[in-house]
Amino acid sequence: MFGHRSTRSASHAGSWYTAEGNDERCASVLTAELNKFLDKVGETVEPYPIQGCKAIIAPHAGYSYSGPAAAWAYKSIDTSAIKRVFILGPSHHFYLEGCALSGCKEYETPIGNLPLDLNTIKELKATGKFESMGLQADEDEHSIEMHLPYVRKIFEGKDISIVPIVVGAISQEVEAQFGSILAPYLASEDTFFVISSDFCHWGTRFSYTYYYPEPAPSDAAGIRLSRGTGPSQSYPIHESISRLDHEAMDVLTVPPSTAIDAHTQFAKYLARTKNTICGRHPIGVLLGALSALQKDRDIKPELKWVRYEQSSHCHSIRDSSVSYASAFIRF
């Protein structure tokens with residue numbers, strides 16, 4: 001009974017990512033899959049790993065969909081000095097007005113378990129700002145779990161601990177407050193942050209059909225497609241989705257923007273487009289932390305996008321897709 005209460009099981013293994021056969025075979029198949037994703041990552045303007053990399057933004061869908069895109073973020077990580085990894089993900093299954101911490105001592109993955117940093121979690125609880133998450137809520141949520149095998153793989157053979165934080169539906173002001181709490185940890189040389197987010201969820205099944213009728217640089221207002229209002233023949237829906245997502249990615253790119261300005265402009269962008277970026281609040285907390293470091297320590301962060309993909313290309317109102325974007329942050 002104690003083990004059940006203290007260890008979060010890999011509850012999405014076997015459905016969202018590989019877990020088949022006995023434990024040894026499962027581990028070898030999943031390891032091979034992750035290696036394949038990482039090996040296919042192409043060259044960027046500078047060699048991997050990225051020196052000074054302190055955080056990544058990466059997607060959390062099933063590995064058959066977003067695993068390849070996530071690899072671009074994970075290959076950015078310089079693991080040499082890291083001992084502690086914060087993982088911030090959105091809440092999909094329970095309403096949360098703040099941020100919640102796990103009550104577990106260990107998280108299971110098919111390729112090796114990850115211990116939680118209980119001292120850090122105790123420090124965060126002592127602030128009085130964090131809620132506690134029950135085991136059922138913990139295991140129902142996939143946004144953090146989908147990063148665990150990647151974290152275990154990238155830090156293979158290294159003695160690390162994790163600090164999982166589920167971020168609820170919070171305002172920009174509250175994002176900044178939590179960011180200020182987490183900023184000293186982000187600044188620590190031995191600490192890394194993983195921010196879990198997919199980008200646009202488009203289609204009637206997501207109740208989101210925002211569409212730009214013309215490509216950029218047109219300033220024509222976006223509209224909502226319906227069965228009675230279709231897309232332009234000359235501008236496919238998937239290209240409009242890409243434009244929509246890249247608007248957010250451009251807003252979040254630092255520099256030319258500062259972290260403080262990026263946070264403000266991202267909130268305005270979300271209010272205008274209602275883009276279904278499910279990890280918008282974890283991203284907001286990261287921006288809050290970077291803003292605090294910029295203001296208090298004159299740290300000048302860089303946020304750079306390295307990959308963008310869509311699960312499929314939408315052409316009609318009957319189609320649907322989810323977008324995946326990967327970035328690294330360094331300072």
Side-chain angles (χ1 to χ4, degrees), residues 6-19 30 34 55-63 65-67 69-71 73-74 77 82 84-96 98-118 120-121 124-125 130-155 160-170 175 178 182 185-186 191-199 277-286 289 322 324-327:
S6 64
T7 300
R8 181 200 185 279
S9 68
S11 54
H12 291 76
S15 53
W16 290 59
Y17 58 97
T18 300
L30 181 56
L34 294 172
I56 59 171
I57 300 171
H60 56 238
Y63 281 2
Y65 295 101
S66 71
Y74 275 96
I77 301 175
I82 304 303
R84 175 176 56 187
V85 180
F86 281 69
I87 308 174
L88 277 61
S91 174
H92 290 86
H93 296 283
F94 66 100
Y95 186 72
L96 179 63
C99 293
L101 300 166
S102 174
C104 294
K105 295 182 178 180
E106 189 175 49
Y107 274 15
E108 177 187 41
T109 92
I111 57 175
N113 291 2
L114 289 161
L116 274 63
D117 186 330
L118 302 181
T120 298
I121 291 171
L124 294 175
K125 284 183 178 178
F130 290 83
E131 298 183 31
S132 295
M133 182 169 44
L135 181 62
Q136 188 63 55
D138 202 339
E139 292 186 338
D140 285 346
E141 182 53 60
H142 66 272
S143 68
I144 290 175
E145 179 180 342
M146 297 310 296
H147 288 279
L148 302 179
Y150 257 122
V151 169
R152 184 67 281 171
K153 170 59 184 171
I154 291 296
F155 290 92
I160 64 161
S161 59
I162 62 171
V163 182
I165 302 175
V166 173
V167 181
I170 55 179
E175 290 170 354
F178 278 104
L182 297 180
Y185 297 100
L186 179 58
T191 301
F192 194 86
F193 272 56
V194 173
I195 307 300
S196 176
S197 182
D198 296 336
F199 266 61
I277 300 172
C278 57
R280 56 193 175 276
H281 298 301
I283 292 172
V285 172
L286 171 69
V322 180
Y324 312 117
S326 290

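Since we're looking at a predicted model, the values are computed, not measured.
- The ring-ring contact (aromatic ring centres under 6.0 Å, His included) test applied to Tyr150 returns Tyr63, Tyr74, not counting sequence neighbours.
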| request: Could you walk me through whether Leu186 and Thr191 pass side chain to side chain contact (heavy atoms under 4.5 Å, CB included), step by step? | output: CA-CA 6 Å; Leu186 179 58; Thr191 301; 6.0 Å; no

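- Under the ring-ring contact (aromatic ring centres under 6.0 Å, His included) criterion, Tyr107 pairs with no residue, sequence neighbours left out.
- The only member of Leu88, Leu182, Leu124, Leu118 that meets side-chain contact (heavy atoms from CB on, under 4.5 Å) when paired with Val163 is Leu124.
- The shortest distance between side-chain heavy atoms of Asp198 and Ile277 does not fall below 4.5 Å.
- With rounding to the nearest 0.5 angstrom, the CZ atom of Phe192 is 14.0 Å from the CD1 atom of Ile162.
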| Can you list the steps and then say if Ile170 with Phe178 is a side chain to side chain contact (heavy atoms under 4.5 Å, CB included)? | CA-CA 10 Å; Ile170 55 179; Phe178 278 104; 4.2 Å; yes

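- Within the model, atoms CG of Leu286 and CZ of Phe86 stand 12.5 Å from one another, a figure rounded to the nearest 0.5 Å.
- Scanning all heavy atoms of the two residues, the minimum distance from Ile111 to Pro149 falls at CD1-O, 3.4 Å.
- Here CG of Leu114 is found 11.5 Å from OG1 of Thr7. Values are rounded to the nearest 0.5 Å.
- Atom CZ of Phe155 has more than 12 heavy atoms from other residues, nucleotides or ligands within 6.0 Å.
- Checked by atom type, the side-chain pair Thr120/Arg84 shows a donor-acceptor distance below 3.5 Å.
- With rounding to the nearest 0.5 Å, the separation of NZ in Lys105 from CG in Leu116 is 11.0 Å.
- When Glu106, Glu141, Glu139, Glu145 are each tested for a salt bridge (charged side-chain N to carboxylate O under 4.0 Å, His left out) with Arg8, only one passes: Glu145.
- Residues Ser326 and Pro59 come closest through the heavy atom pair OG-CD, 3.6 Å.
- Here the CD1 atom belonging to Ile283 is positioned 9.5 Å from the CD atom belonging to Glu175, to the nearest 0.5 angstrom.
- Nearest heavy-atom pair across Asp138 and Ser102 is OD2-OG, 2.7 Å.
- Taking each heavy atom of Ile144 and Ile87 in turn, the nearest pair found is CD1-O, 3.7 Å.
- Atom OG1 of residue Thr109 and atom NZ of residue Lys153 lie 11.5 Å apart, to the nearest 0.5 angstrom.
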| task | Start with the C-alpha gap between Ser91 and His281, add the side-chain angles, then the distance that decides, and say whether side chain to side chain contact (heavy atoms under 4.5 Å, CB included) holds. | result | CA-CA 10 Å; Ser91 174; His281 298 301; over 6 Å; no

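- Between the Ser143 side chain and the Pro90 main chain, a donor and an acceptor come within less than 3.5 Å of each other.
- Listed by chain and number, the residues in a side-chain hydrogen bond (donor to acceptor under 3.5 Å, both in side chains) with Ser196 are His60, His147 (sequence neighbours excluded).
- The two residues Ala327 and Ala73 make their nearest non-hydrogen contact at O-CB, 4.0 Å.
- Minimum interatomic distance between Tyr324 and Ala69 (heavy atoms only, all atoms of both residues): CB-CB, 4.0 Å.
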